[in-house]
Amino acid sequence: MDILKELNEQQQLAVKATEGPVMVIAGAGSGKTRVLTYRIAYLLSKGVEPFHILSLTFTNKAAKEMKERIQELFGDQDARNVWMGTFHAIFARILRVDGHHLGFPSTFTIYDTDDSKNLIKHILKELNLDVKVYQPGAVLSRISLAKNNLFSAAEYAENDEFKEYDLAAQKPHIAKIFQIYQARLFKASAMDFDDLLFYTNVLLRDHPDCLLKYQQKFKYILVDEYQDTNFSQYTILKRLAANNENICVVGDDAQSIYGFRGANIENIFNFRRDYPDHQVFKLEQNYRSTQNILNAANCVIKNNRDQIKKTLWTGNDAGPVIHVLKASSDTEEGVLVAHSIFEQKMNHQLPNSGFVILYRTNAQSRSLEDALRKLNIPYRIYGGLSFYRRKEIKDLLAYFRVTVNPHDQESLLRIINYPARGIGQTSLERIQVAADEANLSLWEGLHDLDAIGAGINSGIKAKISDFTTKIKSYQIQVKHKSAYDLAYHITNNSGLLRELREDETPEGVSRAENIEELLNAVSDFTNTPSISEDGEIIPVSQKMRTLDEFLSEVSLLTDMDKEEGEEEQDKVTLMTIHAAKGLEFPHVYVTGLEENLFPSYMSMGTRAELEEERRLFYVAITRAKERLTLAYAETRYRWGNLTMCQPSRFIDEIDAEFVDQPSKVMHTPQNLRKVTPKERKGPTTGSNSLNSGPTESVDMQEIEKIQAGMEVEHARFGKGKVITVEGAGASKKATVDFPGTGEKQLLLRFARLKITGN
DNA sequence: AAATAGCGCTTTTTT
DNA sequence: AGCGCTATTT
């Protein structure tokens with residue numbers, strides 16, 4: 001077959017060894033993706049059906065790119081039918097089909113990290129535990145650790161090691177929280193990220209028929225970035241491959257950078273143990289980088305004790321030496337990097353897209369962005385506040401989620417009073433407690449307010465009923481309307497868009513634009529044909545794409561996966577090193593190379609942690625094809641105050657012969673300015689408090705007079721018309737329609753309405 | 001009920 | 001320094 005000619009000897013061997021267990025140790029830039037791609041193409045050319053191939057990647061983006069490359073080598077059809085995606089995406093898909101064995105509907109919701117943290121917060125409140133002691137993020141990572149090692153909540157509670165650790169950390173109730181957390185998720189028909197893998201394990205463990213089905217389906221299994229799999233993923237692979245053992249894992253221990261979230265390099269050694277007959281292929285020729293860059297990388301990685309020996313070499317030119325930029329401040333670091341990019345661009349007529357700026361933490365992007373903006377260098381930033389984590393997006397998605405799965409309590413709580421519709425916290429808490437006692441979900445409770453004795457007055461009941469009716473009207477349409485049509489309807493009908501349009505600040509406008517962008521994504525989705533279980537492509541004309549299908553895809557997407565617009569092409573890229581894994585750029589800038597930042601102060605406690613930081617630096621270096629620049633600052637603002645910084649030890653680990661001298665500190669006017677303590681924003685003494693006088697007594701008689709139909713005036717909203725009035729005395733409330741502002745609910749005791757007409 | 005002021009936390013990385 | 005959450009105010 002022709003395509004093999006494009007591979008070197010080792011690569012060819014790795015591609016052709018299709019039967020039995022295979023491990024490929026692939027150094028950075030050695031054509032790892034190429035081997036995977038060609039291996040799939042080779043299997044297809046041998047007549048293997050595409051839907052018998054399972055290819056697991058680390059990111060959606062990697063899956064997408066690999067699919068495109070196979071499509072180039074092959075016909076459109078075949079490539080699309082290969083099961084290719086992240087562990088999470090693939091097994092979410094499987095759980096939608098077979099999760100009913102475990103009691104989950106196919107419409108189950110996937111909670112992201114924010115959802116999980118919110119749920120934990122709610123549980124803490126109910127248990128009367130201190131949020132400061134039981135920080136939701138920390139609790140979640142304990143739960144995550146357990147699940148990634150296949151401990152259920154019950155098993156966690158029984159386990160001495162967990163028990164002792166939590167006791168020592170003064171958090172004895174984590175096991176309890178874990179149990180309630182899992183129960184709540186189940187009740188809400190929801191899974192978090194770790195559950196997708198955990199429950200897949202349960203399914204394959206407890207349902208032999210399912211196990212057999214998927215063993216027969218996935219005759220060939222390929223795994224990318226194997227060094228970053230965790231125990232839960234490892235076990236899934238072991239189960240699926242148990243029958244025919246046609247499993248090929250590709251990885252590089254030197255690029256393992258996800259230990260902090262449970263990834264386990266041990267899996268490489270486990271593989272050797274589990275499949276004694278396995279073949280190993282080492283890819284050691286680097287095609288990506290210059291000799292200088294590769295030499296620098298080798299210098300760094302040899303300081304790690306834990307590694308599989310390999311000698312990475314390249315036939316490429318020596319290339320320029322590594323440049324080091326020394327800046328006096330973080331601001332100047334940005335300026336130096338931006339100027340360097342500008343200079344390179346001008347001298348060599350390079351496109352922006354050839355440059356990437358890498359950093360350890362997202363917070364570092366600001367000074368870099370500022371500098372690029374000043375030089376009018378267009379840039380694109382990945383990560384940070386993800387699109388899908390923005391408030392307005394989460395709000396709208398919550399409407400979608402409740403429509404598809406009303407038991408999803410976190411989403412329901414998010415929207416039940418947004419936009420405000422007079423269902424307050426007090427009422428909600430009462431209903432929640434009552435529903436819980438009756439063992440009903442909140443959504444069920446909303447329908448049986450009297451039966452569960454929630455003690456809600458009729459005014460609020462009517463509002464709740466309005467709300468549930470509205471949601472039900474959406475639910476009826478899920479199967480009859482396209483995803484886009486329904487999404488569009490919900491966006492307008494829910495009042496969410498109206499709420500955003502009222503806000504004319506730049507932020508408000510941007511929020512409305514984000515909503516529009518989400519609707520565009522739904523529209524794209526609606527026009528994308530679906531693929532049946534055995535790989536058949538079903539055109540949109542035959543099977544309409546619906547909102548529940550959209551949701552099942554969107555919950556696993558990240559910013560990296562967003563379609564690039566036409567004008568987005570030629571931009572400098574900014575991202576964290578983690579996000580850059582698997583990518584390459586001609587010109588790479590690694591910034592913030594300072595002790596305590598990189599390596600991070602969080603990861604210097606143990607040798608294992610430090611070595612992971614070093615691998616991270618190795619990954620950063622090996623992204624570069626032609627030119628590598630390292631930058632550090634002598635001072636940096638962190639947590640809002642100025643700190644002194646030492647250059648990172650990692651810089652010294654590179655032999656001097658591959659590095660040039662640090663550039664002189666450039667003295668721009670801004671960093672000559674003396675750094676003085678921030679001037680106080682205003683006088684702090686002698687503040688004559690205006691609001692400490694006796695509160696004006698409220699004229700209760702005036703309040704009693706207010707009735708529906710009256711014209712009133714409000715200090716802020718201006719003139720309006722009273723629509724309804726409810727309650728009496730101090731708790732008397734009115735709904736008032738203010739032209740231009742819309743309907744508002746006001747507690748009359750505070751609102752100080754003036755009656756201007758009847 | 002809705003708006004505002006103030007407090008405290010964040011900054012490790014992501015599916 | 002900036003943000004989100006809580007407590008307070010209106």
Side-chain angles (χ1 to χ4, degrees), chain A residues 56-62 85-92 110-114 118 121 131-132 135 137 141 144 148 192-197 225 228-230 232-233 257-263 358-366 382-386 388-389 391 417 419-427 460 555-561 575-581 592 596-604 609 612-613 615-616 619 636-642 678 691-692 695-696 698 714-717 726-727 731-736 744-752:
Chain A
L56 295 161
T57 56
F58 193 71
T59 62
N60 296 303
K61 195 175 181 218
T86 62
F87 274 88
H88 292 85
I90 295 284
F91 297 116
I110 298 171
Y111 276 14
D112 67 18
T113 310
D114 293 327
N118 280 333
K121 269 183 220 161
V131 202
K132 276 155 207 150
Q135 288 168 354
S141 58
S144 178
N148 284 332
D192 67 15
F193 286 139
D194 302 319
D195 283 337
L196 295 172
L197 306 176
E225 310 281 10
D228 281 324
T229 52
N230 61 34
S232 183
Q233 292 165 326
I257 54 174
Y258 281 92
F260 70 92
R261 76 171 204 220
L358 301 176
Y359 36 78
R360 180 69 237 272
T361 67
N362 281 308
Q364 287 165 251
S365 71
R366 178 177 302 248
Y382 285 92
L385 229 256
S386 155
Y388 294 102
R389 289 177 60 184
K391 185 188 174 303
N417 198 34
R421 46 175 72 84
I423 305 173
Q425 211 179 331
T426 327
S427 315
I460 308 242
S555 35
L556 292 167
L557 291 186
T558 64
D559 274 17
M560 299 276 286
D561 311 316
M575 55 169 70
T576 63
I577 301 163
H578 282 88
K581 179 157 130 161
N596 295 321
L597 180 60
F598 193 13
S600 160
Y601 69 101
M602 300 287 294
S603 311
M604 293 171 45
E609 284 176 329
E612 178 151 315
E613 292 287 306
R615 289 194 294 269
L616 193 56
V619 168
R636 181 177 295 276
Y637 275 97
R638 295 180 84 177
W639 301 278
N641 42 29
L642 194 67
K678 271 273 140 71
N691 56 355
S692 56
T695 334
E696 213 177 305
V698 185
H714 184 272
R716 237 180 108 79
F717 303 129
E726 63 188 80
S731 63
K732 187 169 175 176
K733 276 179 280 186
T735 306
V736 186
K744 290 279 167 193
Q745 296 200 343
L746 304 165
L747 199 56
L748 296 182
R749 180 159 48 109
F750 294 131
R752 297 185 190 180

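Reminder, nothing fancy here: chain letters follow the sequence lines and each chain counts from 1. Just so you know, these numbers use all the heavy atoms, side chains as well, and skip hydrogens, waters and symmetry mates. For clarity, every value in this text was computed on a predicted model and none was experimentally measured.
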Exercise. If you check the K121(A) side chain, which of dC5(C), dT13(B), dT15(B) turns out closest?
Worked result: dC5(C)
Problem set entry | Side chain proximity check, L556(A) to L196(A), heavy atoms < 4.5 angstrom | yes
Exercise. So, do R360(A) and T576(A) sit near enough that their side-chain heavy atoms are less than 4.5 Å apart?
Worked result: no
Exercise. With rounding to whole Å, what would you report as the distance between dT6(C) and dT11(B) at their C1' atoms?
Worked result: 23 Å
Exercise. Tell me: CD of Q135(A) to C1' of dG4(C), nearest whole Å?
Worked result: 15 Å
Problem set entry | side chain to side chain contact (heavy atoms under 4.5 Å, CB included) evaluation trace for F598(A) with Q364(A) | CA-CA 12 Å; F598(A) 193 13; Q364(A) 287 165 251; over 6 Å; no
For this session: With the side chain of T113(A) defined as its heavy atoms from C-beta on, choose the nearest nucleotide among dT12(B), dG2(C), dT15(B).
Result: dT15(B)
For this session: Counting heavy atoms from C-beta on, name the nucleotide in dT12(B), dT15(B), dT13(B) closest to the side chain of H578(A).
Result: dT13(B)
Exercise. Heavy atoms under 4.0 Å, any strand shown: does A420(A) hit a base, just sugar-phosphate, or nothing?
Worked result: sugar-phosphate
Problem set entry | R636(A) versus L597(A), closest heavy-atom pair with distance | NE-CD2, 3.6 Å
For this session: Name the residue closer to the 5' end of DNA chain B, choosing between E612(A) and K132(A) according to the nucleotide with the nearest heavy atom.
Result: K132(A)
Exercise. How close do W639(A) and Y601(A) get, heavy atom to heavy atom, and via which atoms?
Worked result: CZ2-OH, 3.6 Å
Exercise. Can you tell me how far C1' in dT12(B) sits from the matching atom in dC5(C), rounded to whole Å?
Worked result: 23 Å
Problem set entry | Mutual orientation of the aromatic rings belonging to F58(A) and Y258(A) [parallel < 30°, tilted 30-60°, perpendicular > 60°] | tilted
Exercise. So do the side chains of L197(A) and H88(A) get within less than 4.5 Å of each other, counting heavy atoms only?
Worked result: yes
For this session: Send over the distance from L597(A) CG to dT10(B) P, rounded to a whole Å.
Result: 17 Å
Seminar exercise, completed: Looking only at dT13(B), dT11(B), dT15(B), the nucleotide nearest the W639(A) side chain is dT11(B)
For this session: For F58(A) and dT14(B), give me the distance from atom CZ to atom P, rounded to whole Å.
Result: 10 Å
For this session: Examine the base of dT13(B) for any acceptor or donor lying under 3.5 Å from a partner atom in the side chain of R261(A), and report the outcome as yes or no.
Result: no
Problem set entry | Nearest-nucleotide 5' precedence on DNA chain B, N417(A) against H88(A) | N417(A)
Problem set entry | Which nucleotide in dC5(C), dT11(B), dT10(B) has an atom nearest any side-chain atom of M602(A) | dT11(B)
For this session: Ignoring the backbone of T86(A), work out which of dT13(B), dT12(B), dT15(B) is nearest its side chain.
Result: dT15(B)
Exercise. Quick one: R389(A) CZ to dC3(C) C1', roughly how many Å, whole number?
Worked result: 13 Å
For this session: Just call it for F87(A): base, sugar-phosphate, or nothing, with non-hydrogen atoms closer than 4.0 Å on any strand.
Result: nothing
Exercise. Hey, is the side chain of Y601(A) poking within less than 4.0 Å of OP1 or OP2 on dT12(B), counting only N and O atoms?
Worked result: yes
Problem set entry | Short N-O contact, R389(A) and D114(A), less than 4.0 angstrom | yes
Exercise. Whole-Å distance between dT15(B) P and I257(A) CD1?
Worked result: 11 Å
For this session: Quickly work out the Q233(A) CD to dT14(B) P distance and round it to whole Å.
Result: 16 Å
For this session: Using only side-chain N and O atoms of T576(A), determine if any of them is under 4.0 Å from OP1 or OP2 of dT14(B).
Result: yes
Exercise. Stems in DNA chain C: runs of 3 or more consecutive Watson-Crick or G-U pairs, distances under 3.5 Å?
Worked result: B:1-10 with C:1-10
For this session: Would you please determine if the base of dT13(B) is stacked by F260(A), with stacking meaning a centroid separation under 5.5 angstrom and planes under 30 degrees?
Result: yes
Exercise. At what distance, to the nearest 0.5 angstrom, does CD1 of I90(A) lie from CG of L56(A)?
Worked result: 6.0 Å
Exercise. Roughly, in whole Å, what's the span from NZ in K391(A) to P in dC3(C)?
Worked result: 15 Å
Exercise. Quick one: L358(A) CG to dT13(B) C1', roughly how many Å, whole number?
Worked result: 13 Å
